[in-house]
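FYI, the numbering just counts along the sequence from 1.
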Amino acid sequence: MIDSYKHKGLRKQLIATIKEKGIKDDNILAAIEKIPRHFFLDSSFIEFAYQDKAFPIGNGQTISQPYTVAFQSELLKIKRGEKVLEVGTGSGYQACVLLELGAKVFTIERQKPLYQRTKAFLPTIGYNPRMFYGDGYAGLPAFAPFDKIIVTAGAPFIPEALIQQLKVGGILIVPVGEDVQTMISVIKISETQIEQTEHGTFRFVPLLEDKADNK
Ligand code: SAH
């Protein structure tokens with residue numbers, strides 16, 4: 001795989017586009033400028049890698065739109081060294097952005113072929129999040145609590161296990177809804193209290209119920 005000057009130039013244009021749409025965090029812009037998104041797409045889609053669009057990654061799933069990746073990343077307010085859980089590994093692109101922000105990343109995927117492909121692929125381009133095959137609704141109790149949690153599929157409701165696995169003071173970002181989702185930011189104020197804010201509407205593939213066969 002080659003990351004040419006042409007690809008780098010296209011990434012600069014992509015950065016200008018998502019800045020125009022309102023992304024301000026310099027660390028997030030730098031991460032997106034650095035990561036070769038075309039490595040994450042099927043070769044037949046490579047020419048579209050630097051449009052601000054979601055694309056198919058096989059198994060009926062998509063790599064999220066760069067603006068959406070940046071928007072969710074901003075809401076997470078990542079500080080270096082924080083422990084972050086991602087639900088919905090997919091292509092692994094969002095996980096790489098979180099790694100570039102200095103997070104310790106744990107990520108779960110419920111489709112085995114995607115999990116296997118991404119687990120084999122990411123280390124080849126120098127990214128090593130902890131990757132798990134399993135059901136995101138259950139979170140990752142063995143590694144909890146987390147400073148931050150990001151869900152990258154549309155959830156019909158906020159999974160309770162994820163709130164439980166959040167540290168007090170931690171933030172959970174989750175798109176909630178069936179066809180269209182409202183981006184919700186949940187702050188865990190105390191062991192028993194959360195505060196929610198809404199951040200506009202998005203479209204994600206659905207967060208599906210447990211079909212992983214390791215449960
Ligand atoms: N973050 C990804 C985009 C993911 S698309 C990226 O950067 O490419 C959403 C992903 O969530 C899909 O791969 C889908 O298989 C996965 N998913 C759906 N339901 C899930 C669940 N219950 N647990 C874990 N992953 C799930």
task: Specify the closest pair of heavy atoms between Pro66 and Ile32, including all atoms of both residues, with the distance to one decimal.
output: O-CD1, 4.1 Å
field: Exercise: identify the closest heavy-atom pair between Gln72 and Gln94
entry: OE1-OE1, 4.3 Å
field: Atom pair CZ (Arg110) and CG (Leu208), whose distance is rounded to the nearest 0.5 Å
entry: 4.5 Å
statement: Value for CG (Leu101) from SG (Cys96), rounded to nearest 0.5 Å, stands at 11.0 Å
message: Is it the case that over 12 heavy atoms from other parts of the model lie below 6.0 angstrom from the NZ atom of Lys77?
response: no
- request: Grab the two heavy atoms, one from Leu166 and one from Ile171, that are nearest each other, plus how far apart they are.
  value: CD1-O, 3.6 Å
- prompt: Under 3.5 Å, is there a donor-acceptor pair between the side chain of Tyr67 and the main chain of Ile23?
  reply: no
task: List the atom of Phe40, the atom of Ile57, and the distance in Å for their closest heavy-atom pair.
output: O-CG2, 4.1 Å
query: Is there a side-chain contact between Leu114 and Thr89 (heavy atoms, below 4.5 Å)?
result: no
message: Tell me whether the NZ or CZ atom of Lys112 lies within the 45° cone about the ring axis of Tyr115 and under 6.0 Å from its centre.
response: no
CD on Glu86 to CG on Leu76, rounded to 0.5 Å: 9.5 Å
- prompt: If you count the non-hydrogen atoms of other residues, nucleotides and ligands that lie under 6.0 Å from CZ in Phe157, is the total more than 12?
  reply: yes
query: Using 4.0 Å as the upper bound for N to carboxylate O, is an ion pair formed by Lys21 and Asp52?
result: yes
- prompt: Is there a donor-acceptor pair under 3.5 Å between the side chain of Asp135 and the backbone N or O of Tyr137?
  reply: yes
- request: Name the orientation class of the two ring planes belonging to Phe143 and Phe106 (parallel below 30°, tilted from 30 to 60°, perpendicular beyond 60°).
  value: tilted
- prompt: What distance do Ile194 atom CD1 and Leu172 atom CG have between them, rounded to the nearest 0.5 Å?
  reply: 8.0 Å
